[in-house]
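Note on naming: letters A, B, ... go to the chains in the order of the sequence lines (proteins, then strands), and numbering restarts at 1 for each one.
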Protein chains: 2
Amino acid sequence: MPQQSNKQKLFASKGIKSTKQRNMVFDILEEFETPVSVEQIHLKLSEVDSTVNMSTVYRILEVFVNKGLVLKTNIMGTNSAGFILNRLEHKHQLVCLKCNKIVPINKCPLNKLEQLMREETDFEIMGHKLEVFGYCPDCKERDK
Amino acid sequence: MPQQSNKQKLFASKGIKSTKQRNMVFDILEEFETPVSVEQIHLKLSEVDSTVNMSTVYRILEVFVNKGLVLKTNIMGTNSAGFILNRLEHKHQLVCLKCNKIVPINKCPLNKLEQLMREETDFEIMGHKLEVFGYCPDCKERDK
DNA sequence: GTAACTGCAAACCTTTTGCAGCTTG
DNA sequence: CAAGCTGCAAAAGGTTTGCAGTTAC
């Protein structure tokens, strides 16, 4: 099973001990292309194993973030954190400030910018997050 | 005093009633170029008027956000919201995932992208937020 | 076998809310 | 004056932590 072994290699390469819980959380993260809340992850986990504790999820995500496997952002319109796998490719979002509707953006002019910044600042760049704010057609009309 | 009157005009144009507290919060926001937490705002307020309540600050910021005067994001590495004036010009940041060091980015290739999105999605676009994540030179070395 | 991970329960911090009194236009 | 804003105190929501028991290497 090469899938399995890829994940194990990834964990090993980052110095992350492999546990049942960490494997499950990672699998869940792989299913999503937009940021997921801890609650969502915990809920999905519960379907398979209802003994896994919320604080365990928090701790696992903290490890993943520190090792660069996952990016932590926040979920628009809430006070909770959102977590997303730090894939090489990525998605951007256009977010309505009023109704929180989300429209994906399919263009990304930032790869060149990243390269430029790498050279200028000597940061090791892991990824980026772009959010564009505005009012969607519906809210735009309703409000004025 | 033309400054003052500009602010009043801005409030009026958005249908925001002018109060002592709102004026003070707005003035504080003007001092910052990166997102500020509610606590920071409340602290600064206290220096001038220690009777202003935290919940008032929250409610004022909510109004400002709903009227498009202010953008709500989050402060990296914390669980608290960050607020920043929705200026026409804006700044971007390069954030170290490890030590949370922040380096400003002086290039923004996104104005064209905004225009493009406006046409494609019919959103009324108010602004955008770009965060680039990585490890700063110091942390990059320290860790591997 | 040992260091690291997990579950549980409690603590902590941030944000929201109901209500009574006060301010602004 | 009326509508809307504010202060206070309490509740709600999200996240972190200490500890004892368990698991991965």
Side-chain angles (χ1 to χ4, degrees), chain A residues 4-5 7-26 28 35-43 45-46 48-67 69-70 72-83 100, chain B residues 4-5 7-26 28 35-46 48-67 69-83 100:
Chain A
Q4 188 78 326
S5 125
K7 183 166 56 189
Q8 302 311 359
K9 267 184 207 157
L10 180 59
F11 279 9
S13 78
K14 300 276 187 177
I16 298 174
K17 188 186 279 191
S18 164
T19 70
K20 186 182 53 155
Q21 293 88 338
R22 287 175 179 182
N23 280 293
M24 292 192 292
V25 169
F26 188 88
I28 290 172
V36 215
S37 68
V38 174
E39 201 185 356
Q40 282 174 283
I41 294 173
H42 184 246
L43 200 70
L45 262 178
S46 304
V48 185
D49 179 349
S50 62
T51 70
V52 181
N53 196 273
M54 199 83 124
S55 62
T56 302
V57 180
Y58 275 104
R59 283 190 274 225
I60 289 174
L61 289 169
E62 191 187 0
V63 171
F64 286 177
V65 169
N66 284 336
K67 300 296 185 177
L69 238 60
V70 164
K72 178 176 185 177
T73 73
N74 70 318
I75 297 192
M76 286 294 299
T78 75
N79 303 317
S80 33
F83 297 86
N100 292 314
Chain B
Q4 187 78 325
S5 125
K7 185 168 56 190
Q8 302 311 357
K9 269 186 204 155
L10 180 59
F11 280 10
S13 78
K14 300 277 189 177
I16 298 173
K17 188 188 278 189
S18 165
T19 70
K20 186 183 51 158
Q21 291 88 339
R22 285 176 181 182
N23 280 294
M24 292 191 293
V25 169
F26 188 89
I28 290 174
V36 215
S37 69
V38 174
E39 200 185 356
Q40 283 173 282
I41 294 173
H42 183 245
L43 200 70
K44 267 219 158 252
L45 264 177
S46 304
V48 185
D49 177 350
S50 63
T51 71
V52 181
N53 197 275
M54 200 83 126
S55 63
T56 301
V57 180
Y58 275 105
R59 283 190 275 226
I60 289 174
L61 290 168
E62 191 187 1
V63 171
F64 285 177
V65 169
N66 285 337
K67 301 296 184 176
L69 236 60
V70 163
L71 296 177
K72 177 177 182 176
T73 72
N74 71 320
I75 296 193
M76 287 293 300
T78 74
N79 303 317
S80 32
F83 297 86
N100 293 314

Checklist entry - On a plain distance test, is the side chain of A/S18 in donor-acceptor contact with the base of D/dC25 below 3.5 Å? => result no

Next on the checklist: Please confirm whether the shortest side-chain N or O distance from A/Q21 to OP1 or OP2 of C/dG7 is below 4.0 Å.
Outcome noted: yes

Next on the checklist: If you assign B/V38 and A/K20 each to the DNA chain C nucleotide with the nearest heavy atom, which residue ends up on the more 5' nucleotide?
Outcome noted: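 Counting from the 5' end, the first nearest nucleotide belongs to A/K20.
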
Checklist entry - Rounded to whole angstrom units, what separation is found between the CG atom of B/N23 and the C1' atom of D/dT6? => result 15 Å

Next on the checklist: Distance check, rounded to the nearest 0.5 Å: A/T73 atom OG1 versus A/F83 atom CZ?
Outcome noted: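 So the gap between those two atoms works out to 8.5 Å.
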
Next on the checklist: On the nucleotide C/dC8, are OP1 or OP2 found under 4.0 Å from the side-chain N or O atoms that A/N53 carries?
Outcome noted: yes

Next on the checklist: Looking at A/S80, I'd like to know whether one of its side-chain N or O atoms comes within less than 4.0 Å of OP1 or OP2 on D/dT15.
Outcome noted: no

Next on the checklist: Rounded to whole Å, how long is the line connecting atom CZ of A/F11 with atom P of D/dT23?
Outcome noted: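 Rounded to whole Å, this separation is 19 Å.
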
Next on the checklist: So for B/R59 and D/dG4, does any side-chain atom that can act as donor or acceptor lie under 3.5 Å from a complementary atom in the base?
Outcome noted: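 By the distance-only test, no, there is no pair.
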
Checklist entry - Could you state the CG-P distance from B/N66 to C/dT16, rounded to the nearest angstrom? => result 11 Å

Checklist entry - Which nucleotide in the set C/dG7, D/dT15, D/dA9 lies at the smallest distance from any side-chain heavy atom of A/V52? => result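 Comparing C/dG7, D/dT15, D/dA9 against the side chain of A/V52, the answer is C/dG7.
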
Next on the checklist: Determine whether B/N23 and B/Q8 satisfy the following criterion, side-chain contact (heavy atoms from CB on, under 4.5 Å), listing intermediate values before the conclusion.
Outcome noted: CA-CA 9 Å; B/N23 280 294; B/Q8 302 311 357; 3.5 Å; yes

Checklist entry - A/T56 side chain N/O closer than 4.0 Å to the phosphate oxygens (OP1, OP2) of C/dG7? => result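 True: A/T56 side-chain N/O within range (under 4.0 Å) of C/dG7 OP1/OP2.
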
Checklist entry - NZ of A/K72 versus P of D/dT15: gap in Å, rounded? => result 7 Å

Checklist entry - Rounded to whole angstrom units, what separation is found between the CG atom of B/N74 and the P atom of C/dT15? => result 10 Å

Next on the checklist: Classify A/T51 by what it touches in the nucleic acid, base, sugar-phosphate, or nothing, heavy-atom distance under 4.0 Å.
Outcome noted: sugar-phosphate

Checklist entry - Which whole-number value in Å describes the distance from B/N79 CG to C/dC12 C1'? => result 11 Å

Checklist entry - Between D/dG14 atom P and A/I41 atom CD1, what is the distance in whole Å? => result 14 Å

Checklist entry - Would you say the side-chain atoms of A/N74 and A/S80 include a donor-acceptor pair closer than 3.5 Å? => result no

Checklist entry - Taking only N and O in the side chain of A/S37, is any of them less than 4.0 Å away from OP1 or OP2 of D/dG14? => result no

Item to check | Side-chain N,O (A/Y58) to OP1/OP2 (D/dT16) below 4.0 Å | outcome: no

